[in-house]
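Each chain gets a letter, A, B and so on, in the order its sequence line appears, and its residues count up from 1.
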Amino acid sequence: MSGHDSQATSGRYNAKTAEEKWQRQWDENQTFIAPAEPRADSAGKYYVLEMFPYPSGRIHMGHVRNYTMGDVIARFRKAQGYDVLHPMGWDAFGMPAENAAIENKVHPGEWTYKNIAAMREQLKAMGLAIDWSREFATCDPAYYAQEQALFLDMLEKGLVTRKSAQVNWDPVDMTVLANEQVIDGKGWRSGAPVERRELTQWFFKITDWADDLLAGLDELDRWPDKVRTMQRNWIGRSEGARVFFKLNGRTEPLEVFTTRPDTLFGASFCALSSGHTLTRELAKTNAAIADFVKECESLGTSEEAIEKAEKKGIDTGLRAEHPFIEGETVPIFVANFVLMDYGTGAIFGCPAHDQRDMDFARKYDLPVTPVVAPKKLADNELNEFISNLAKGDKAFDSDGVAINSRFLDGLEVGAAKRAAIEKLESLGAGEGTVNYRLRDWGISRQRYWGCPIPVVHCVTCGTVPVPRDQLPVKLPDDVTFEKPGNPLEHHPSWKHVPCPSCGKAARRETDTFDTFVDSSWYFARFTDPKATTPTVPSIASAWLPVDQYIGGIEHAVLHLLYSRFFSRAMKETGHLNLREPFAGLFTQGMVTHETYKSVEGKWVSPEELIWIDSKPYLDQENQSPVTVGAIEKMSKSKRNTVDPAAIIDQYGADTARWFMLSDSPPERDVQWTEEGVEGAWRFTQRFWRIVQSSLDQLGEVNAPPPPLDAKSEELRRTVHKTLAAITADLSQLGFNRAVARIYELANAISAFSETGNAAKWVRREAVEYLIQMTAPMMPHLAEECWASLGHPTMASETPWPVADETLLVEHSVTMAIQVNGKRRDEMTVAVDASKETVEQMALAQEKVQHAIGTANVRKIIVVPGKIVNIVIG
RNA sequence: GGCCCCAUGGCGAAAUUGGUAUACGCAGCAGACUUAAAAUCUGUCGCCCGUAUGGGCUUCCCGGUUCAAGUCCGGGUGGGGCCACCA
């Protein structure tokens, strides 16, 4: 790493000066300011968006990769004549600002805006083609005012509900979490085991849209299948039946959900979850049940806890009447494995055909009645199957036909389910139903640094929306973070307001929105960020949907599902006219790096290492060795991060961008290596050299093409083929392929040593196209080269060239010749040569003759322009 | 437990619909330039046999379809992801 210091001298490309210059130039020319609305005379609109960052204060390599990809697309589409919308903003509410406030005694707002300023600086140093005039932060009152207005519209339309529910409580962050934010029983940010609490909360009724959100996935053909599958799983649609069991001595029946109504004749018990209303009622008078409930609630919800936990239950003494068999009853248990959140919080157990029910039945000595058997069993086999199942411990959960089930007997599982449902419905003992795993989205957070929920609680009037002319409900600035819990709750005066309806003393809602609410509609706000309504529907319609959205897979369910719900809700409330906000989605891979550990087992940062003979050591003096660990996602905890700001400072933004686009396909993880950056940096210098050294060998600008000699013609074909290929690559986000083709073209231009008018003319075209094709990826270098060619206008404002179709068609072509599928030779033939000519030429080749020997030629297959296969035998 | 994805040189990878496998880059090796180093340029670089012309093998393994398979089908192995006490 020595040579870089002397960049400024003697013909080297000075990235630092050039990058600052062109960034200033783009800014002054307002090159990337999008029109207020797409114009009629453009190639169309193109909205490219990368998931906006949380303002942590510094950009990381993941940002560099994400924003580079989006930037290439934005610049490419602009060159193609599209009206490109490529905005940037800040997902600025959230816990880290409050943690900083607690730790450093700095106001969350001050901390956040300082971070934004720092990160904006770093992003600008990347040379991104962003319309900065549209920038906003979600913590700006101007933004959250519209979010509050939107909420009131949704409230009016019945898309919001307030209900008491068991919620996920994060004891570290002291706030509620949505189901989507609980990962393996732990808070997604704090990592603390989540507790269950009964609280009254605000919810978006996302479950009303479960079917629509599911159906919409089928149309999203430019989304990764993986993400669509994850959303399908999350929504978790399953068809089945609700069954109403009459209980002895009670009027209310017990409602259970099942996907296997065909196994009802094998029911031997019912089980309630510990949170079921019936359980709670029984617990009031039954100490044993109350104790059991307590035991259930103390149980963890992590995978580990679940695996270790024994399936346990307690008999309530109640009995449920079988819906099909008169006089038959089954016991009702409370069981620790029945979930309150899924279905009705109660099940019926059929031990013969469900392994968990089987385990439970054996433990509590309940009957096991086989009611499904494999198809086409002989009588003796059937008897054996039944007796084995009735005695054994292994449930039979495969397909088959109903047995021991009266009117269902002989029906296959599917038909038996339908027949059972029909019977339940005719008896009034149940109904066919669809159940979803998806829960309503709980949005109340007991935090300060979020958007206030614009309602007031009045003893007389109940929950009253804040009148529109009083929006925004602003966060108070004078808050303290000394006490645990919600600072808004502790504030002496903020929450005390008169009721907007009756004027009596009332209490302001002190919960704030989940920050995912802020990010669920920001893409719509960018279409007109200064509007005095959440959106201007005609303008939003003109820009949306987002044509290409780019971000990490970690939002596959959270943000991407919420946003899909929001665009439906905004359609319902008249703010948008589309259901699906993101027409194209791309989930980029992570940036990884080797990890290092000292002899003490501590993580060591790459910056602390000294390399001797390709082996890492901790320091010069005692040369304590360091072990090289796995290649992992860059993270602070593993200390394997590389600071983009330092890289940009040292090598320039173009080098960092080029490295991010090279080698690894964008959806795959990319490993950051010193060699890789060096390689990218070498190429920026080489690119500059190639252009500079050709300056005195270029034809005039816009000169008409002279007659071309063979070598010039060949280079010209290469140029146009490269152009066609790169245009396709960039359209498909095949950045690594585009990079490889730039290398190939650069190699071809270096190798082209012809002189003369024809050569000069072709060289100009080659060099200009090379620069233009590189411009989306290394924009500063391209501008500097473009200017050195004498162009008065910028490369970023120059239209994308179009490949000459006639140059893509070859006159002659190299064909491989196979004998029995094995390649033996190749030959060059005219592209329009007849099948007969090709066959004869192929047979005439010496190596082919040798391979055929004395065998008979049985068949010759000719694939024009590709291959000849001679079949012998 | 269920569903899904992936596997190509020392490494990252490329290969439109099945049609010349290993483009391009990294690392390596050899040379040129230089007092020397760096930088740069040139050559070489899948594996095995052979001085060589050349021959054989090769896209995780086994089988199948086909004139032809990295690509399609079946079965394994290894790695990764998502969901999961889901009734």
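Side-chain atoms of N820(A) and R858(A) form no donor-acceptor pair, as typed in the model, at a separation below 3.5 Å.
U77(B) is paired with A7(B) under the Watson-Crick or G-U wobble criterion, all donor-acceptor distances under 3.5 Å. For A30(B), the paired base is U42(B) (Watson-Crick or G-U wobble, both distances below 3.5 Å).
A close approach under 4.0 Å does not occur between any side-chain nitrogen or oxygen of R689(A) and OP1 or OP2 of A39(B). Put simply, Y743(A) has no side-chain N or O that comes within less than 4.0 Å of OP1 or OP2 on G25(B). Within the 4.0 Å cut-off from OP1 or OP2 of C82(B), not a single side-chain nitrogen or oxygen of R232(A) is found. Checking the phosphate oxygens (OP1, OP2) of G25(B), a side-chain nitrogen or oxygen of N747(A) falls inside 4.0 Å.
For N336(A), whose side chain is taken as the heavy atoms from C-beta onward, the closest listed nucleotide among G25(B), C85(B), A87(B) is C85(B). Looking at the side chain of R437(A), the nearest of the listed nucleotides A84(B), C67(B), A27(B) is A84(B).
The pair D359(A)-R356(A) does not meet the salt-bridge criterion, since no charged nitrogen lies less than 4.0 angstrom from a carboxylate oxygen. Between D663(A) and R668(A) no salt bridge is recorded (no basic side-chain N to carboxylate O distance below 4.0 Å).
In terms of polar N and O atoms assigned as donor or acceptor, the side chain of N869(A) comes within less than 3.5 Å of the base of C67(B) in a complementary pairing.
Taking the nucleotide of RNA chain B with the nearest heavy atom to each of T229(A) and W234(A), the more 5' of the two is matched to T229(A). Of the two residues contacting RNA chain B, namely R824(A) and Q671(A), the nearest-nucleotide position lying further toward the 5' end is that of Q671(A).
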